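By convention in this document, chain letters (A, B, ...) are assigned in the order of the sequence lines, proteins followed by strands, and residues within each chain are numbered from 1. Keep in mind that what you see is a predicted model, and the values were worked out from it rather than measured.
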Amino acid sequence: MSVMRISPRRLHLLLLRWYGSHGRDLPWRRTRDPYRILLSEIMLQQTQVSRVLMLYPKFLRTYPSIRKLASAKPSEVIIAWRGMGYNRRALYLHRCAQAIVEEGGGRFPRDPERLRSLPGIGRYTANAVASSAFRLPLAIVDTNVRRVISRVQGRHLTEEAVWKNAQRLLPVRHAYEWNQALMDLGAMICIAHDPRCAECPLRTVCPSAHRVKRPLTRVVREPGREGVPNRIFRGRIVEYLRQRKRGASSSLIAREVVPSLRPGEMPWFARLIRSLEADGLVRVVRCGRSERVSLAA
DNA sequence: AAGGCGGGGCC
DNA sequence: GGCCCAGCCTT
């Protein structure tokens, strides 16, 4: 079966026009400060826009510049990260800020390859920062873009094929607006379940319009305790330490965070602490048989 | 290639 | 109660 080819120019016109009238007004779209752009992108990794909107301004008041962030202690950044989840991101961001200050005197690299080498910055975030802050003509592929591109192409695409298509379809003169428009379409219209095709600016050219099948999602079982994934307990431990800045003994944390903990489960809890320590989220001072745990200094 | 890693809102 | 969400890192 031959694949229907859609005129890129037609696509650009339809989507950019829609973006002009329906695009979201977001704080990180009102700046070109690479630090503010980067902060938004890190926060938006696996976190909804609505939550980032609530926490982004407060974080920026605490750390208005990359230098202020770089000179903070990890524990302070972890505390400022409260409510965001995936706490390792706070450490990546912090280390990233320190690298940019130390290596470039606080000047961001523009080269996406160089951005990509920084902690917490992958292919998506590197291109997002370069596209948004420096207006380089680079495609970005996140879960929204992946879904939109696949539907417009009318078939499932491999990850690499989506990137290729995204870069091919990119309007070089309006790359930034195009990227933002694709994400807005994926977030507001071309949503995963029950897409709103009747309101879609691409409905006349999209082969999937009004005939999107329910995507079959694969159930992923996570290791955990009584059905609760380990990462949830990790999050609770970090939150407990946020409010108890002096730290606490491992056994006290265990009683407070997991009241129903049975004696035989102590090794499981000890592994949680060790994993947090390995990530650099907590510091463990061992003295004799007991150990004192606090947020990483 | 697969799995670990938070949190909250929505159905 | 299950599902989803602007990914990255490690193995």
Show the atom names and distances, to 0.1 Å, of all donor-acceptor pairs under 3.5 Å that link a side chain in residues 290-297 of chain A to residues at least two apart or in another chain.
from: A:E291; atom 1: OE1; to: A:R286; atom 2: NE; distance (Å): 3.3
from: A:E291; atom 1: OE2; to: A:S250; atom 2: OG; distance (Å): 3.3
from: A:R292; atom 1: NH2; to: A:G247; atom 2: O; distance (Å): 3.1
from: A:S294; atom 1: OG; to: A:R283; atom 2: NH2; distance (Å): 3.4

For [range], which residue pairs qualify under salt bridge (Lys or Arg N to Asp or Glu O under 4.0 Å), counting only residues two or more places apart or in two chains?
range	result
residues 94-119 of chain A	none
residues 12-31 of chain A	A:R24-A:D184, A:D25-A:R30, A:R29-A:D184
residues 223-245 of chain A	A:R82-A:E239, A:E222-A:R231, A:R225-A:E265, A:E226-A:R262, A:R234-A:D279, A:E239-A:R242
residues 32-57 of chain A	A:D33-A:R36

Below 4.0 angstrom from OP1 or OP2 of B:dG6, is there any side-chain N or O of A:R234?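 Checking B:dG6 against A:R234, a side-chain N or O does come within under 4.0 Å of OP1 or OP2.
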Check the phosphate of C:dC3 against A:H193, side-chain N and O only, distance under 4.0 Å to OP1 or OP2. Yes or no?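 So the side chain of A:H193 is outside the cut-off, no N or O lying under 4.0 Å from OP1 or OP2 of C:dC3.
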Round to a whole Å and report the spacing from CD1 of A:I237 to C1' of B:dG6.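 Answer to the nearest Å: 13 Å.
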Rounded off to whole Å, could you give me the CG-to-P distance for the A:L281 and B:dG4 pair?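 It is 17 Å, rounded to the nearest whole Å.
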Using a cut-off of strictly less than 4.0 Å between a heavy atom of the residue and any atom of DNA chain C, enumerate the qualifying residues of residues 267-278 of chain A by number.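 Close to the strand, none.
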With sugar-phosphate meaning primed atoms plus P, OP1 and OP2, does [X] contact a base, only sugar-phosphate, or nothing at under 4.0 Å between heavy atoms?
X	value
A:G85	base
A:D279	nothing
A:M43	nothing

B/S/- contact track for nucleotides 5-11 of chain C, protein heavy atom under 4.0 Å: BBBSS--
Checking side-chain polar atoms at under 3.5 Å, does A:E159 have a donor or acceptor matched by the opposite partner on A:W163?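 Their side chains do contain a donor-acceptor pair, which is all the 3.5 Å distance test asks for.
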Hey, which sits more toward the 5' end of DNA chain B by its nearest nucleotide, A:P223 or A:I232?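 First, find each residue's nearest nucleotide; the 5'-ward one identifies A:P223.
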Any pair with a residue in residues 65-81 of chain A that passes side chain to side chain donor-acceptor pair (under 3.5 Å), sequence neighbours left out, goes on the list, sorted by first then second residue, please.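 Output for this query is empty, none listed.
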Any side chain to side chain donor-acceptor pair (under 3.5 Å) involving residues 125-140 of chain A? Give me the pairs, sequence neighbours left out, ordered by first then second residue.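 Matches after skipping sequence neighbours: A:Q45-A:T125, A:S131-A:N179.
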Pairwise P distance for C:dA6 and B:dC11, with rounding to whole Å: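 The same atom, P, in both gives a distance of 16 Å.
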Taking atom P in both C:dC8 and B:dG8, what distance in whole Å separates the two?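 Comparing P positions in C:dC8 and B:dG8 gives a spacing of 23 Å.
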Residues A:R123 and A:E160 bridged, charged N to O under 4.0 Å: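 The answer is yes: the pair qualifies as a salt bridge.
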